[in-house]
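Reminder, nothing fancy here: chain letters follow the sequence lines and each chain counts from 1.
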2 protein chains.
Amino acid sequence: MGSPPRKPTMQDVSRLAGVSPMTVSRVLADPQRVTEPTRRRVLEAVAQLRYVPDMVAGSLSSRRTSFIAVILPTLTNANFADTAHGLTEALRPADYQPLIGYTMYRLDEEERLIRAMLARRPEAVVVAGTVHTKAASELLHQAGVPVVEIWERPDRPIDRAVGFSNHEAGRAAARRLIALGHRRIGALGPGIDGAARDFRGEDRLAGFAAALREAGLGDELVLRHGEPPVSFDHGARALAVLLERAGDVEAVFAVSDIAAVGALMECRRRGIRVPEDLSLIGFGDFEIGRQCVPSIDTIRVDAQRIGRRTGELLLALLGKGSPAGEPASLDVGFELVVRETTAAARRERGGEP
Amino acid sequence: MGSPPRKPTMQDVSRLAGVSPMTVSRVLADPQRVTEPTRRRVLEAVAQLRYVPDMVAGSLSSRRTSFIAVILPTLTNANFADTAHGLTEALRPADYQPLIGYTMYRLDEEERLIRAMLARRPEAVVVAGTVHTKAASELLHQAGVPVVEIWERPDRPIDRAVGFSNHEAGRAAARRLIALGHRRIGALGPGIDGAARDFRGEDRLAGFAAALREAGLGDELVLRHGEPPVSFDHGARALAVLLERAGDVEAVFAVSDIAAVGALMECRRRGIRVPEDLSLIGFGDFEIGRQCVPSIDTIRVDAQRIGRRTGELLLALLGKGSPAGEPASLDVGFELVVRETTAAARRERGGEP
DNA sequence: CTGAAAGCGCTTACAG
DNA sequence: CTGAAAGCGCTTACAG
């Protein structure tokens, strides 16, 4: 049996084919630049030895890794999984390899990941969010490659951005509930004192609260509660807290459909009818919100499109796509989706006392 | 402004610190092996230059990339996302970087990915499934690193395996429905004639059909229909086809909870009561099946544990974990979860005609 | 069209 | 404890 066979190198291939390593390199990189018989001999040697090129060496030599660093809060969230999917699809034809990592909503973990990924010399960095540690910001600023912040619209992007205004999404939710005539309006969102932070959810919540205040309504029922990632259970418990604080709450915005579904289940347990007794809006247009009964009103964001547009932007920036003058910042927008969990306030319908 | 500043190298650091590059390398790899004052000077230079080591060069030199290739059918499936999560968590303390790719349930895409990833010289390969193209199998056999096939129990693993028997899971579903007294039993599973194949789903379906036959029941209502990835809509349409073929079907197994939920919705639209008129079992214990009304009976698999155990196995194999004699193949099992969508056959309850 | 030389930025393996 | 030399396996940049 002997010692484990060394992996064949380009040198081994070149010897077997009777050519120089450079010729093997050319055949693999651009077969056209080599005459037909030479090419055939080389490819035969490649096949015979089952040669798999060493991109580690190739990357060092060419100073091109074909890596795109992608940093997300989590993969176990359909929205971010969709974004990763869209991005991967957009990059696939150009043979870029996404290097995916997730932070579990922690800035310290994000910094660690950014550092670890930059060590791999990616050709671009995609990162969800615009809030970073000071060191992480510095690393990104000096990365020397395109940086795209996604899922937000930063005031001062590090480089590029593809996303939407979470603040405005929160405002849209508030406007909808206010327009329905509700006055006692609450919200369920992430806490702001843990190591794990959902800054986008916080931003939606802030926009929601701002819109309430502008309408002359109080924002004291805007709850910041619990650490991300959000869960059904979290939504249920947050609603319970809210009900304890204000049994007369008429309408609630949850910064994620996941929390909204949890809140809906808590309502069912308590015999609170949705939307007759309580209106509910979520965020994210998760499948479960679409399919549950009643189906949940939400703010839809095309998560896959964020990934796809980011990928297209990168291809352009990296010289692999259309040479258009790409905008620094792209807004993919959002959309209010009215379904079965909101209704007009009773007083406006002249309903029960 | 000048030309973009070149990224600092270890050489730059060494010059600034007044030491040799080797000393910088040692400080970064194992600070203890360098005297305190030298170490401090080096770390100061690192900080001042904002030096980020080049792991591409380091990997080539040390022949260690710290990459673990992870190949999954898709990321937009909670089960596989959970597995990726568990694996990443297990590997994190050892500073391995998962290199995640997904095949969209296509074997040709899997082969392409395996080749692309082996070019990155990963220290191990994790791949969902045991069915591969001939070329992919060869690549894995000759990878020269540990290979772990997951989410199945292969008869002849390439190297290691962490998973469970999908065939047995299907049988368990059938046994449950048979024990409830049902005779006209159907199933909804993936088609077997497209480019995208869900071999694990097919295996569950085959186990289910086998159990029906052994019980003396026909398997003609076992439907193989549609390409993965499965969707609600797919489940709904498959059930419609099944009902057309056999309006008197009493019980149905869907190879994924996603399809089961779709089927459940189709029942609602048609006024078919679940479980009174039709019993339903899914697979995977997806959150939506747990939360929908009625909640769906299912076969639970601990997807995150598959990832975690795979990670632990790799750490052991790569000499970073407990030096235990790791088994070649690990069965994480599965569990029948009874909820609200199955009921005894009417004839056994003496129900309506 | 093909090849010899040099070098990418590190770490290994010796020396001192 | 520290360093000089060699080399990892490719590609770049010239030559011919």
request  = Name all stems that contain residues of DNA chain C, defined as runs of 3 or more consecutive Watson-Crick or G-U wobble pairs, both distances under 3.5 Å.
outcome  = C:1-3 with D:14-16, C:5-12 with D:5-12, C:14-16 with D:1-3
key: Residue mapping more 5' on DNA chain D - nearest nucleotide basis, B:R33 or B:S62   = B:R33
message = Using a distance-only criterion (donor-acceptor N/O pair, under 3.5 Å, no hydrogens), is the base of D:dG7 paired with the side chain of B:R63?
response = no
inquiry  = Between the base of C:dG9 and the side chain of A:R121, is one N or O donor paired with an acceptor at under 3.5 angstrom?
reply    = no
request  = Of all the heavy-atom pairs spanning A:D159 and A:P146, show the shortest one and how long it is.
outcome  = OD2-CA, 3.2 Å
query = Are any of A:S20's side-chain N or O atoms less than 4.0 Å away from OP1 or OP2 of C:dT2?
reply = no
message = Less than 4.0 angstrom between a side-chain N/O of A:Y51 and OP1 or OP2 of D:dG9, yes or no?
response = no
Value in whole Å for how far the P atom of D:dG7 lies from CE of B:M22 = 17 Å
query = So does B:T38 get a side-chain nitrogen or oxygen closer than 4.0 Å to the phosphate oxygens (OP1/OP2) of D:dT2?
reply = yes
inquiry  = Quick check against the 3.5 Å criterion: does B:N77 have a side-chain atom that pairs as donor or acceptor with the backbone of B:T74?
reply    = no
query = Is the distance from OP1 or OP2 of C:dG7 to the nearest side-chain N or O of A:S61 less than 4.0 Å?
reply = no
ask   = What integer distance in Å separates B:R64:CZ from D:dC8:P?
value = 19 Å
Under 4.0 angstrom between B:S25 side-chain N/O and C:dC10 OP1 or OP2 = no
request  = Report the distance from atom CG of A:L60 to atom P of D:dT12, rounded to the nearest whole Å.
outcome  = 12 Å
task = Round to the nearest Å and state the distance from B:R6 atom CZ to C:dG7 atom C1'.
result = 14 Å
